[in-house]
> 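Below is the structure I would like to discuss, written out as structure tokens.
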Amino acid sequence: MIKQFCFCVLVFFLHSNAIAQDCNLSLKGKVTDFHNNSDIIGASIQIEDSNRFTTTNFDGEFELKNICEGKITLIIKHIACETKKISMYIDKNTFKNIFLEHHVEELTNIEIKANTKTAKTSVETTLKKEVLSSFSDQSIGDALKTITGVSSLNTGNTIVKPMIHGLHSSRLLIINNKVRMFDQEWGEEHAPNIDINSSGRIDVIKGANTLKYGSDAIGGLILISPERFAVKDSIFGSTQISLNSNGLGGNVNTEIVKTYKNGFYGKLQSNYKQFGDFKAPNYYLTNTGQRNFNTSIAIGKNSYEKGFNAYYSFVNNNMAILQSSHIGNVNDLVNAINSNEPRVTEIFSYKINFPKQTITHHLGKLEAYKRFKDFGKLSIQYDFQINRRKEFDLRRGDRSNIPVVDLRLFTNSIQSDLEINYFDNLDINTGVLLRYQQNDAVAGTGTNPLIPDFDKYDFGVYATTNYDLDDTSELSAGFRYDFSRIKARKRYNITDWNETYNYDELFPEFETGAVEGTRIFTKPEFTFHNISASLGYAKSFQKNLSLFINYGLASRLPNPSELFSDGLHHSAARIETGLLTMQKEVANKFVVSLEKQNDNFGFTISPYYKHINGFIQLIPNGITTTIRGAFPVWEYNQTNAQIFGIDVDVNKKISEHFMYNGQVSLIRGDNLSENTPLIHMPANNFGNSISYNNQKLNQLSISLHQNTVLQQNRFPDYNFFTFNPTTQQDVFVDISSTPPAYTLFSLQTSAVFKLFKKGDLKIAFHVDNLLNTSYRNYLNRFRYFADELGRNFKINIKLNY
Amino acid sequence: MKTIKLLALFITTSLVFTACSDDHDDHDHDHEEELITTVIYTLTDGNNTVTLQWEDLDGDTGNAPVITDGILSANTTYTGSIQLLNKTETPAEDITVEVKTEGDEHEFFYSSSVSGVTINKTDVDGNDNPLGIKTTLTTGNTGTGSLTIVLKHEPTKPNNGTADNAGGSTDLEVTFNISVQ
């Protein structure tokens, strides 16, 4: 890193006026940089309420003579530094050391900092605010998908779970404003409860520099950061409106920011999003609308030396779920798979019917930091989250308004982080975490809860270091230890407990002795110790070329659904069973990245290999007969797995205004224990785009994108036969085959118009799925039921003021 | 200093929060309200009554269902009536009532692999479409095979009389072995 210098306007030859007085004391001093102890040259020192001032010399020293005994106040100023006032009592000749902070420069250079990495050796990709704002009416998963190597696991088109290198849910850490998200992320149909409009920047860390946030980032880490504001007196804001032809809806987002010269800032942001039924090329996807309301507030005071940030966000999502996905048993599933159209296709409506999800998520945090001279920076943070998830289904009687799933997850944590930059070439980062989590399966649903009540206690401690080997290379290493205890309360079917799973012999200590009818009340309790580590190396060469090598050891506890699930999953027509015998998952991962950052010709080539011991997967294991007919039983089991592949990005400037971008992502996953492919691995895919940019012509930008997803030919075959008693025939249930390859085109244009002195208007026009292609996506859980979205025209208007 | 006070306040508040929400409702738990444990199809020809029963008292997992099959007389017309019960409630809840109330959203479908056995629905919902709580079952010559009863939620009504054509989602699908003698 290039050290930041204060550039000085030297005020030479200004001498203090020596007024004849009977005062003859002198004040000498030295002004140094708080951060790196370098001398500050040319700082002006003034005695308040007088015209006496001087400046520091080349050694940062100054002298004021003929000072009278008594209290004086000095004002020390330096361009690009924060003005400081010091009061002192002078009764003799005095020497004073004064420290100034590079505050202003640090914070106004955000644009430059936005290109830097979260850690020097990190393998990562960043999405900036401009990209994020074009996704204002979509989900965070949709935005992340534009990154090579990142895909998504969808449930319909509004529930989008990000996936890095084929791994999702509990294997990804999502950090929102330095708070690790706990929003029941274990479920495949649980999308992250984050409002994309409240974020300023998103980093996706595919490599190993994730230990600060947790030990279990087997897939990777998604770091969502708010914008940072310059320290000056200002008020600004923006309002954004987007309108879409598909779903006849859109989003309104507005935000206002007030900043002060003394470092105080406040930001208020809200948005409302509404869509009706979306449309596939040939039919409406009945009951797929949504209504979301999100708001966030941030206040704080930041100076170089100390500061605090407080943040609160509220997310409320109301999402209709494709009506055709509600099915009864395997025969219904067979009917869905064999028919080309969903069973319910009605005319367009804004109505949110059953099935649906309503989720509210509160997130609050308070963070304070202080820098210690010649030592480092200490931060302490407290945060809490309350996630309330209600899932509604089509029910008999008047029960549809009663949720079938009603879970409240409360998480709160306190953590410290100490950055030590005492040593010249070595940075050390260390911290402690305490977390308490409580899940409440809220009573009154009239169903057996899928996830039981539990309490979870976590303790973590970590240390990471970064060492400058020489001017061009860096080495980093990290270590983390986590302790977790989970105490659950759950009722099991007594036959399952005693016979099917043999828990009465494996876990007699969990039994409470209480048996209620066919149910046994148990208190499972688990303790885990986790060790994780990372190693990174970065080397930069000439011509903007750099090489990153990362190794990570990550381990993950089985999540509540892997341990405790036990029951029917309607939209999948399957019974899902977790097992108390699940052990933790341990991954070794290697990621290499060769990058050339250059506008004329740049590239990133990033191969990776992951070996996962005890990989937990959900796979079919037999059929059971219920009163609703036959259901396949899907059970969690553990195997050894490997995932490897390569992500490639290329950018090339064709002419002054034309740019080419290309990306390729190749991935392969193997179940090593059973010698089969891994289930739900993204297919190989590639994309190209050509864009025209003209800064002089209202920043006009036109780009055409092509994206091709090949058919996934490597999948495990879990197909089976079931007997249809009505037709008296065995029917083949093809749940494994994958949809064919597809290619999508999209067009994006935008231009910026200067409206008034401080405001501008950005208008963007997009066409998604330009050719109105009908296709299905292997990674959409609803691929059995309906096609993906058809063509969409979108207008996005953003007014900055 | 101010910051630290604020932080302290925040933590205190949260602890109160934690303490308040610590409502471990070990006894206030839910049970399956919509569970159908028992299907009883009663057939009577005036003199004899045949009862076909399908029962799974502990729900989807756990113990296998207990199925009572039946023997029917050849060339006989029976009056049939179906009853759905949830026996995990005391007294057992009669779910047939719910189905009848929401007759326009439900329909039973009967089919048999024994040739000559035909089942006709004799009741209708509020829209005069077949419902199938009440039926007549007519047997032909002797034979053995199965009898399947399906209850669909939100089927297309009217339909061609087969469960596959009706769409909707399946709330019930039980199969009995029957013998016509």
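Chain A is the first sequence line, chain B the second, and so forth, proteins listed ahead of strands; every chain is numbered from 1.
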> Counting heavy-atom pairs closer than 4.5 Å to chain B, which one of Thr518(A), Thr577(A), Thr500(A), Ile627(A) comes out on top?
Ile627(A)

> Which atoms of Thr38(B) are under 4.5 Å from chain A, going by heavy atoms: the side chain, the backbone, both sets, or neither?
backbone

> By a 4.5 Å heavy-atom criterion (distance strictly below it), what part of Ser169(B) contacts chain A: side chain, backbone, both, or neither?
both

> Mind checking whether Tyr501(A) and Tyr492(A) have ring centres under 6.0 Å apart?
no

> Hey, is Lys523(A) close enough to Glu525(A) for a salt bridge, meaning N to O under 4.0 Å?
no

> Against chain A, work out which of Ile149(B), Thr162(B), Asp164(B) has the most heavy-atom pairs shorter than 4.5 Å and name it.
Asp164(B)

> Of the backbone (N, CA, C, O) and the side chain (C-beta and beyond), which part of Asn329(A) lies under 4.5 Å from a heavy atom of chain B, both, or neither?
both

> Of all of Arg399(A), Arg396(A), Gln728(A), which one pairs up most often with chain B through heavy atoms under 4.5 Å apart?
Arg396(A)

> Is there a side-chain contact between Glu511(A) and Asp504(A) in this structure, where contact means two heavy atoms from C-beta onward sitting under 4.5 Å apart?
yes

> May I ask you to check if Lys134(B) and Phe108(B) form a cation-pi contact, with NZ or CZ under 6.0 angstrom from the six-membered ring centre and within 45° of the axis?
no

> Determine yes or no for a side-chain-to-main-chain donor-acceptor pair under 3.5 angstrom, with Thr135(B) supplying the side chain and Ile119(B) the backbone.
no

> Pairing donors with acceptors under 3.5 angstrom, does anything connect the side chains of Thr170(B) and Asp332(A)?
yes

> What about the rings of Phe510(A) and Tyr503(A), do their centers lie closer together than 6.0 Å?
no

> Quick one: what part of Leu151(B) sits under 4.5 Å from any heavy atom of chain A, side chain, backbone, both or neither?
neither

> Under 4.5 Å from any heavy atom of chain B, what part of Thr624(A) do you find: side chain, backbone, both or neither?
side chain

> Pick from Asn63(B), Asp56(B), Thr175(B): which one has the most heavy-atom pairs with chain A under 4.5 Å?
Asn63(B)

> What residue, out of Asn498(A), Asn331(A), Ile575(A), has the most heavy-atom pairs lying under 4.5 Å from chain B?
Asn331(A)

> Let's go through Asp455(A) and Lys487(A) carefully: what are the C-alpha distance in whole Å and the side-chain angles of both, what is the deciding distance for salt bridge (Lys or Arg N to Asp or Glu O under 4.0 Å) to 0.1 Å, and is it a yes or a no?
CA-CA 5 Å; Asp455(A) 294 285; Lys487(A) 293 177 170 180; over 6 Å; no

> Of the listed residues (Ser112(B), Pro65(B), Ser111(B)), which shares the most heavy-atom pairs with chain A below a 4.5 Å separation?
Ser111(B)

> Thr37(B), Asp58(B), Leu147(B): which one forms the most heavy-atom pairs within less than 4.5 Å of chain A?
Asp58(B)

> Any idea which of Ile95(B), Val99(B), Leu35(B) has the most non-hydrogen atom pairs under 4.5 angstrom with chain A?
Ile95(B)

> With only heavy atoms counted, which part of Thr101(B) is less than 4.5 Å from chain A, the side chain, the backbone, both or neither?
neither

> Charged N to carboxylate O under 4.0 angstrom, Asp566(A) versus Lys490(A)?
yes

> When you measure from the side chain of Thr512(A) to the backbone N and O of Ala514(A), does any donor-acceptor pair fall under 3.5 Å?
yes

> Can you say whether Glu98(B) sits under 4.5 Å from chain A via the side chain, the backbone, both, or neither, judging by heavy atoms?
side chain

